[in-house]
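Protein chains get the first letters and strands the later ones, always in sequence-line order, with residue 1 at the start of each.
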Amino acid sequence: MTLKSRSKIVDLLKGGVVGTEVTAKGWVRTRRGNKNVAFIALNDGSTIHNIQVVADVTTFGDDFLKDVNTGACIMVVGQLVESPGAQQPVEIQAKNIEIYGKADAATYPLQKKGHSLEFLREIAHLRPRTNTFGAVLRIRHAMAYAIHKFYNDKGFFYLHTPIVTASDAEGAGAMFRVTTLDIENPPRSEDGKVNFTEDFFGKETNLTVSGQLEGELGALALSEIYTFGPTFRAENSNTPRHLAEFWMIEPEMAFYDIEDNMDLAEEFLKYLTSYALEHCKDDLEFLNKMWDKELIERLNFVASNKFVRLTYTEAVDILEKADQKWEFPVFWGADLQSEHERYLVEKHFKKPVILTNYPKDIKAFYMKQNDDGKTVRAMDVLFPKIGEIIGGSQREENLEALTTRMAEMNIPQDEMWWYIDTRKFGSAPHSGFGLGFERLLLFVTGMSNIRDVIPFPRTPNNCEF
RNA sequence: UCCUCAUUAGCUCAGUUGGUUAGAGCACCUGACUGUUAAUCAGGGGGUCCUAGGUUCAAGUCCUAGAUGAGGAGCCA
């Protein structure tokens, strides 16, 4: 028998054959019992549920069982039997128990009773062993898989856009510099400035803030692509919705206009929501019970109801007529604030909202300009509790319109020659959007802080683990 | 970065108007219990009340500054 031969607890609970000898391995959640019998709740992360191991105290001895405590890692060999207890179908009658790793009860930080999410963040190396983070991490995996499945089934190609980039033209946020220069004593040119031609890449480089521009290059060759990778923003954002390092999905499609783009975004979000409801039932039920009593109801609602679509101008109209005091004034041309977005989603429509056709001055240079000369074909998908979960647009494919806009917004065109080239040679109408993976997970898991849906969060002043 | 709030046992939290020796549940230790379900029951040990100043006869409690955390805002996904 090799070390890895064992039954996963999820399989034992669902399809284990009663009467057979089985081997289970995992971490002890609790041990309880009396002087005759000990009950060990064992979890191996394959499911939210534990399997109950029953150990005869006279067989194993008090001293031995003392070390089979919360946190210890053990192997159990024994017969799978029907459980007389009401809370589990089967249990293991232990014949042999081996302790792989003890956990000193006096110093092991995790206990069987509730911990605050804040405390668990401080022990992010151990929090995957809790019910909540086990559930979140399994759902995170399921969503990542579902994203690839969704696009693969549609014939999209997964494009790996670069993580190190020399373009900071998109202006999506402050960037992390990538350099091998000696930060204490960098080479300088005659004018005293740091001489980046001596840096590793011979120019200034940063971590990517978006794969979109390179994604467009792929779409204008493969027709439909998506990216799914890490993204970095050096913004000093301290909120439950922002991370310095997060994952983003960016589909980019040739021959899609803004309507096609919205259709895809809505179908995508509904697919993922339905996938979670179908494949992560046990974990969602746990999170629903533990953290968010309306979670499953909300997921069902989003999966089965049409999103509201309206233009920015219509939204401003609704907000101006709303019987509501605003901290920030509403007028045409102003960027919508959180309070405005929340009002539309949570109070006025009570369902997800897609806003389109924003004033061009509050949106990026690459967005397709409308004939009115005032608005661009941007779209933001707004979700309850989370706010903006998707931001996207139809892209400006007309060379002259694009370069004129770049000049107006002081975007350096020489650095962007390759991007502009796509509008010179075989340009095509195309669209795309970005979905923040962790924001999706906030919605799907019902967690309220983004630091609790990524294994090791990176935020200002925090890069532990 | 701005505003607000919080910080008391390993964890979760009480602590009255500033007043004797700072409490509870869980965890830990000792014991009881013939199948438990965050097992239960009895007993025990465990405190830099975030840090540094200050006010006061007296500070966990009031004041000032700082640290850390959280919520809201901005930036955005």
Side-chain angles (χ1 to χ4, degrees), chain A residues 29-41 49-58 62 66 69-71 81-88 91 93 103-123 130-131 170-174 208-212 230-250 265 290 327-328 335-342 362-364 380-383 386-392 433-443 448-454 459-462:
Chain A
R29 286 296 171 74
T30 72
R31 190 198 67 230
R32 53 182 175 263
N34 52 45
K35 66 180 177 185
N36 296 304
V37 61
F39 300 96
I40 302 156
H49 301 296
N50 305 323
I51 195 158
Q52 174 156 287
V53 175
V54 184
D56 190 57
V57 175
T58 51
D62 262 336
K66 229 174 177 175
N69 57 358
T70 301
V81 297
E82 274 182 42
S83 176
Q87 302 194 16
Q88 59 276 324
E91 63 189 25
Q93 193 69 48
D104 175 32
T107 52
Y108 184 60
L110 286 174
Q111 292 164 22
K112 55 185 167 185
K113 252 198 160 171
H115 293 290
S116 68
L117 294 170
E118 290 86 352
F119 173 70
L120 292 174
R121 266 170 230 153
E122 293 169 15
I123 51 165
T130 63
N131 286 332
E170 205 208 332
T208 182
V209 292
S210 165
Q212 180 201 315
T231 310
F232 306 88
R233 305 265 169 98
E235 300 287 353
N236 191 9
S237 298
N238 293 287
T239 84
R241 298 178 305 282
H242 290 85
L243 290 165
E245 177 186 290
F246 63 99
W247 289 66
M248 189 156 63
I249 300 100
E250 294 178 289
M290 206 64 190
E327 191 186 337
F328 296 89
D335 209 351
L336 297 183
Q337 305 293 322
S338 295
E339 57 174 341
H340 307 138
E341 296 180 348
R342 272 210 310 274
I362 58 171
K363 288 292 182 183
D380 284 0
V381 182
L382 309 178
F383 261 34
I386 295 148
E388 185 180 340
I389 193 167
I390 277 180
F433 60 81
L435 168 70
F437 187 48
E438 285 76 16
R439 290 206 179 157
L440 170 79
L441 287 170
L442 280 179
F443 170 70
S448 51
N449 191 312
I450 202 163
R451 294 161 201 156
D452 297 329
V453 296
I454 187 167
T459 51
N461 266 314
N462 174 31

From the list [options], which nucleotide is the closest neighbour of the side chain of [X]?
X       : options                : result
Q87(A)  : G71(B), A38(B), C76(B) : A38(B)
F119(A) : C75(B), U12(B), G74(B) : U12(B)
M248(A) : C11(B), G71(B), A77(B) : A77(B)
N34(A)  : G71(B), C76(B), G35(B) : G35(B)
K35(A)  : A70(B), U34(B), U36(B) : U34(B)
K66(A)  : U1(B), A70(B), U30(B)  : U30(B)
R233(A) : A70(B), C76(B), U1(B)  : C76(B)
E91(A)  : A77(B), U1(B), G35(B)  : G35(B)
N236(A) : U1(B), G71(B), A70(B)  : U1(B)
S338(A) : G74(B), A70(B), C75(B) : G74(B)

[N], OP1 or OP2 - any side-chain N/O from [X] closer than 4.0 Å?
X       : N      : result
R32(A)  : U36(B) : no
R121(A) : A70(B) : yes
Q337(A) : G74(B) : yes
R439(A) : C76(B) : no
N449(A) : G71(B) : yes

[X] [atom1] to [N] [atom2], straight-line distance once rounded to whole Å:
X       : N      : atom1 : atom2 : answer
N131(A) : U37(B) : CG    : C1'   : 13 Å
E118(A) : G71(B) : CD    : C1'   : 10 Å
L336(A) : C75(B) : CG    : P     : 11 Å
E122(A) : U68(B) : CD    : C1'   : 9 Å
L117(A) : G71(B) : CG    : C1'   : 14 Å
R342(A) : G71(B) : CZ    : P     : 14 Å

Under 4.0 Å, heavy atoms only, any strand: does [X] hit a base, just the sugar-phosphate, or nothing?
X       : value
Q111(A) : base
P240(A) : sugar-phosphate
E438(A) : nothing
G434(A) : sugar-phosphate
L243(A) : base
S116(A) : sugar-phosphate
I386(A) : nothing
Q93(A)  : base
A86(A)  : base

Using only modelled atom types and a 3.5 angstrom limit, is any donor from either the side chain of N461(A) or the base of U68(B) paired with an acceptor on the other?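 Flag unset: no donor-acceptor pair detected.
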R241(A) CZ to I450(A) CD1 distance, which is reported to the nearest 0.5 Å: 9.0 Å
State the pairing partner of U64(B); accept Watson-Crick or G-U wobble contacts with both distances under 3.5 Å, and report none otherwise. A52(B)
Say you pick atom C1' in C13(B) and the same atom in U8(B); how far apart are they, in whole Å?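 Here C13(B) and U8(B) have their C1' atoms 9 Å from each other.
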Verify the stacking flag for F437(A) against A77(B): centroid separation must be under 5.5 angstrom and the ring planes must differ by under 30 degrees. no
